[in-house]
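To start, the structure under review is shown below, and the notes come after it.
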Amino acid sequence: MSEERSLNFIEHIIEDDLKAGFQKNKLRFRFPPEPNGYLHIGHASSICLNFGLGERYDAPVNLRFDDTNPAKEEQAYVDAIKRDVEWLGFEWEKECYASDYFQQLYDWAINLIKKGKAYVDSQDSETIAEQKGTPTKPGTPSPYRDRSIEENLELFEGMKNGDFKEGAHVLRAKIDMSSTNMLMRDPVMYRILNKSHHRTGNDWHIYPMYDWAHGESDYIEQVSHSLCTLEFLPHRELYDWFLDQVYEEQNVRSKQREFARRNLSHTVVSKRKLLRLVEEGVVTGWDDPRMPTISGLRRRGYTAESIRKFADTIGIAKRENLIDVSLLEFCIREDLNKKANRVMAVLDPVKVVITNYPEGQEEWLEAENNPEEEEMTYRKVPFSREIYIEREDFREEANRKFFRLKLGKEVRLKNAYIIKAESVVKDDEGNITEIHCTYDEESRSGSGTEASMRKVKGTLHWVSVAHAEEVEVRVYDRLFNDAEPDGHENKDFMEFINPESLTVVKGYAEPSLKESKPGEQYQFQRLGYFCVDTESSKDGIIFNKTVGLRDTWAKLQDKK
RNA sequence: UGGCCUAUGGUGUAAUUGGUAACACAGCUGAUUUUGGUUCAGUCGUUCAAGGUUCGAGUCCUUGUAGGCCAACCA
């Protein structure tokens, strides 16, 4: 589907497997979210990796919810996750749940007990943790490690039936208390949780731990390549150990491989931290347009295409990374430049009176919708004697580099006339309240006259005062002032919150925007890309700023 | 004072598996432009260090150095 591109290391692994004789039609992948939060841009990378592999090899990809912890998980998250994956444009083969496999997992656990490879430990978690040792010191065996198979079976059944309180017992795999890998020191397979599960209700009183559930779920679904983030690398040994206990020759043996999670500058990508932003009211919710969640980006105006392009561009590897958010911004500009219609809106208005334009007269001028379009389409924009322009587009005096309106000089009004600033009106405090201009009657855009072809250096966007539609515009800036807010050892990431991440302004838009609907995207000419917010309605149109245009003028200003 | 992983321009990722270090973003110049946008042209700058093997090393070996991960009844 995509143009030729070099392979990432995961694709190299798959190619090697194929060369070694693995059948292509046995390839199968999965995206395995835990339904305890919303998906973010980091997950988008994983989604694009797994589903991208599915497209590349024409292999099925399951959406599997890792729902083994009813204390944290909710149906609402399941729904949000499905919506986000769908919106990104991917189709899963099957919708699966680890909880679908609880019975199979339980049966396998019984077998492990019977083979003497699992036992019930009746100590509390602190004691078990102490006995685990440290990375440099081996652990010591639990006094319950050598319980009889009969006793283990009986206790485990009791755990399952709800005979015990939470924490009374756990089922542990009997592996190696002195392994250099802490995860192999008799890991817990089941704990008692007397909680209702969003799918299995009160059927179970015991729930499997990640390591026991995940690999076996892969195996049940016959996932060939189980891809996860690097922090699970030490789990691989355990993944393989558990698989050894249930694997049968004729089946595909699932293979776990790990890649580095993607970090984005000026934000955080961790469900726990994002949850804090939501719970502490820093943002209005998981889909606040400042959030790096997929739902937040969507509401901000990011397109699925731009996010997929981004994921594709940053690639997949194993090293630590901090991707500059400017790359994400590039991806959305590139996409919206092609798709978004150009319109005019003024966000910080100052009134211009065209003194030689007849009072009461109005004209509906033709305006291009998008110069990037293959076949140009047009709309009408009203012009009249009084218009708004941006306050920063006028200066009484300025040097040659200022290509905008200044006293005694001319500027082109986009799609309209050339005007010349003659004088200003100020209030008692010296603020400019009106700019009086004259216009060149012959200079109307597209009229074909000699005057209309005149080259003037600056072109401004504008809105007719009488026809302007008042709109609310939410101007967003990065949520954090620091490139890596959670990268400081002695500082909490919350200390770097940008207090000016949201500015709400009243703007004046051309009347064609009156009928705009939530989700629609526009380029406000010379300002940036904006989309109609989900809270927008006929009575109050609300725009979110997606991203500004590249602004070389602003860069020049910054240098001073 | 253990085990494992990683190291390529400012950032991210490649390099036909030992054969001219490249692509994108960002930066900087300039051209075009009725958006200081877009587009176009150009430019800046890279293999963690030290040894070794080799005609030849980003790639292989050795030793360092730096960063990351591992001691939840979380995933």
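Remember, it's a predicted structure, so these values are computed and weren't measured experimentally. To find a chain, count down the sequence lines: A is the first, B the second, and so on, and within it residues start at 1.
Among the nucleotides B/U33, B/A75, B/G36, the one closest to the side chain of A/K457 is B/U33. Closest to the side chain of A/T136, out of B/A71, B/U34, B/U1, is B/U1. Residue A/E34 has its side chain nearest to B/A75 when only B/A24, B/A75, B/U34 are considered. Checking B/U11, B/G36, B/A75 against every side-chain atom of A/F402, the shortest atom distance belongs to B/G36. Closest to the A/A317 side chain, of the nucleotides B/A14, B/C70, B/C4, is B/A14. Candidate nucleotides B/A71, B/G36, B/U33 were compared by shortest atom distance to the side chain of A/K132, and B/A71 ranks first. Of all nucleotides listed (B/G2, B/C73, B/G36), B/G36 comes nearest to the side chain of A/L556. Across B/G36, B/C4, B/G2, the shortest atom-to-atom separation from the side chain of A/D551 is found for B/G36. Which of B/U34, B/G36, B/C70 sits closest to the side chain of A/R526 comes down to B/G36. Ranking B/A71, B/U34, B/A24 by closeness to the A/L327 side chain, first place goes to B/A24.
Listed pair A/R550 / B/U38 meets the phosphate criterion, a side-chain N or O lying under 4.0 Å from OP1 or OP2.
Comparing B/C40 with B/C23, their P atoms sit 15 Å apart, to the nearest whole Å. Of the C1' atoms belonging to B/C28 and B/U35, the separation is 23 Å, rounded to the nearest Å. Comparing B/U54 with B/G3, their P atoms sit 31 Å apart, to the nearest whole Å. Atom name P, nucleotides B/G64 and B/C70: the rounded distance is 25 Å, in whole Å. On the C1' atoms, B/A71 is 39 Å away from B/G52, given to the nearest whole Å. Comparing B/U6 with B/C60, their P atoms are spaced 11 Å from each other, to the whole Å.
A stacked arrangement is not assigned to A/Y210 and the six-membered base ring of B/A75, the conditions of a centre distance below 5.5 Å and an interplanar angle below 30° not being jointly met.
Summarising the base pairing, B/A66 is matched to B/U6 through a Watson-Crick or G-U wobble pair whose two defining distances lie under 3.5 Å. With a cut-off of 3.5 Å on both pairing distances, the Watson-Crick or G-U wobble partner of B/G30 is B/C40. If you check B/G58 for Watson-Crick or wobble pairing at under 3.5 angstrom, you find it has no partner at all. Pair assignment for B/A24: B/U11, on the basis of Watson-Crick or G-U wobble contacts that are both within less than 3.5 Å.
Among A/F102, A/Y106, A/Y190, the one residue that satisfies the ring-ring contact (aromatic ring centres under 6.0 Å, His included) test with A/Y207 is A/F102.
A donor-acceptor contact under 3.5 angstrom links the side-chain atoms of A/E372 to the base of B/G37. Below the 3.5 angstrom threshold, one finds no donor paired with an acceptor across the side chain of A/H12 and the base of B/A14.
One can place CG of A/N415 at 18 Å from P of B/G37, the figure rounded to the nearest angstrom. Atom OH of A/Y207 and atom P of B/A75 are 12 Å apart (whole Å). Distance NZ (A/K195) to P (B/C73): 15 Å, rounded to an integer number of Å. Distance CZ (A/R319) to P (B/U6): 11 Å, rounded to an integer number of Å. Summarising the geometry, the separation between CZ on A/F156 and P on B/C73 is reported as 16 Å, rounded to the nearest angstrom.
Where A/S443 and A/E73 meet RNA chain B, the nucleotide closest to each residue was compared, and A/S443 sits on the side nearer the 5' end.
Side chains of A/R30 and A/S217: no donor on one and acceptor on the other come within 3.5 Å.
Using a 4.0 Å heavy-atom distance criterion, A/R185 is classed as making no nucleic acid contact.
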